[in-house]
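The block underneath contains the structure these notes are about, expressed in structure tokens.
Below, all heavy atoms of this structure are taken into account, side chains as well, without hydrogens, waters or symmetry copies. Just so it is clear, the model here is predicted, and its values are computed rather than measured.
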Amino acid sequence: MEPATILAALGSGLLIGAILGLIGGGGSILAVPLLIYVVGVVDPHTAIGTGAVSVAANALLGLWAHGRAKNVKWRCAFMFSAAGILGATLGSLLGKAMDGQKLLTLFGFVMIAVGVLAARKPTRIEAPDVRLSMASAPILLPRLIASGTGVGLASGFFGIGGGFLIVPGLMWATSMPMSIAVGTSLVGVAAFGAATTASYALSGLVNWPVAGLMIAGGLLGSTIGTWASQSLSTQKRALALVFAAVVVLVGAWIVWTGLGKL
């Protein structure tokens, strides 16, 4: 592996981890574009499979910190993830069957949509004490299953962790606050990423050395991002808006270049 490729993979992982640590999610949607346009992975399917590995690993790193801070609703997370794994497995099969360039172009449209949604300020009434129990199951369970399946399908199809999809999905299903939804979502991000990784790995579509470098970079980036998050706690909204703008611009560029190749 060329030194430039090693540095690009480490830097891409660092950036993803830093974004996750700084604003609590969303960095994983940049994994595929970074792998293709920065690291130099030619095949979009291999980029998706490789990105899924680093997404799952970075999510587990973040989950440990959020779990210690008691920002995880474990029962809701496991039910959401169980439904989502089935969706992610099906989504990954559909994604591998689609032409790589068409899949990448469609991914660009998803990035634009995710960026727009990320810029919106949530207005939902919050229920910080929500929990999945025998009493709440008739209301929460159908919503968690429906939301988890849909988000898992998109996550597996595009090879993304789905944090920006899982967080609103959990908030819609349970009305939990965003701070708790971010921590809870990492269970789903890790689970969906693992399911997508397994599917793509069985097809030989994972570049393991690059994935390992991205994980190493993500570990350092997550530490830096978490430290910066404490220093910039009053600027979270502004940071989220800047990130949303970057996602929209990158998505628009992918769509523009992709449509020219179709």
Side-chain angles (χ1 to χ4, degrees), residues 8-39 41 44-66 77 80-81 84-85 87-89 91-92 95-96 103-104 107 110-111 114 118 148 151-167 169-170 182-201 203 205-222 225-226 243 247 250-251:
L10 286 169
S12 297
L14 189 148
L15 177 61
I16 292 170
I19 293 173
L20 285 168
L22 188 60
I23 60 177
S28 60
I29 200 170
L30 294 176
V32 172
L34 285 169
L35 282 164
I36 292 175
Y37 299 110
V38 177
V39 180
V41 176
H45 290 114
T46 301
I48 290 174
T50 305
V53 179
S54 63
V55 164
N58 278 322
L60 288 175
L61 291 173
L63 181 60
W64 179 79
H66 280 280
F80 185 97
S81 301
I85 287 174
T89 302
S92 64
K96 288 187 293 183
L103 181 61
L104 184 60
F107 180 80
V110 171
M111 288 188 71
V114 168
V151 172
L153 185 66
S155 177
F157 187 74
F158 293 109
I160 58 177
F164 265 130
L165 300 175
I166 295 175
V167 170
L170 284 168
V182 167
T184 305
S185 74
L186 293 175
V187 177
V189 173
F192 300 169
T196 304
T197 295
S199 178
Y200 275 80
S203 301
L205 296 172
V206 174
N207 187 323
W208 291 105
V210 169
L213 289 169
M214 290 188 71
I215 292 171
L219 177 60
L220 176 60
S222 179
T226 301
F243 175 75
V247 170
V250 173

Nearest heavy-atom pair of [X] and [Y]: which atoms, and what distance?
| X | Y | value |
| --- | --- | --- |
| G49 | T197 | O-OG1, 4.3 Å |
| V39 | L35 | CB-O, 3.5 Å |
| A195 | T89 | CB-OG1, 4.1 Å |
| A47 | I36 | CB-CG1, 3.6 Å |
| H45 | K96 | NE2-O, 3.7 Å |

Check: Is the side chain of S12 donor-acceptor paired with the backbone N or O of A9 at a distance under 3.5 Å, no angle test?
Finding: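 The answer is no, because no donor-acceptor pair under 3.5 Å joins these two groups.
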Check: Can you tell me if S199 uses its side chain to pair, donor with acceptor, with the backbone of T196 under 3.5 Å?
Finding: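 Checking the backbone N and O of T196 against the side chain of S199, no donor-acceptor pair under 3.5 Å is found.
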Item checked: Criterion side chain to side chain contact (heavy atoms under 4.5 Å, CB included) on I48 and L205, from CA distance to verdict -> CA-CA 8 Å; I48 290 174; L205 296 172; over 6 Å; no
Are any non-hydrogen side-chain atoms of [X] and [Y] less than 4.5 angstrom apart?
| X | Y | result |
| --- | --- | --- |
| V41 | T50 | no |
| Y200 | V53 | no |
| V55 | F192 | no |
| F80 | V187 | no |

Checklist line | Pairwise distance CG(L186) to OG(S81) - rounded to 0.5 angstrom | finding: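 Between L186 CG and S81 OG, I get 10.0 Å after rounding to 0.5 Å.
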Next item on the list: Go through the steps to decide whether L10 and L14 satisfy the test side chain to side chain contact (heavy atoms under 4.5 Å, CB included), and finish with yes or no.
Entry: CA-CA 6 Å; L10 286 169; L14 189 148; over 6 Å; no
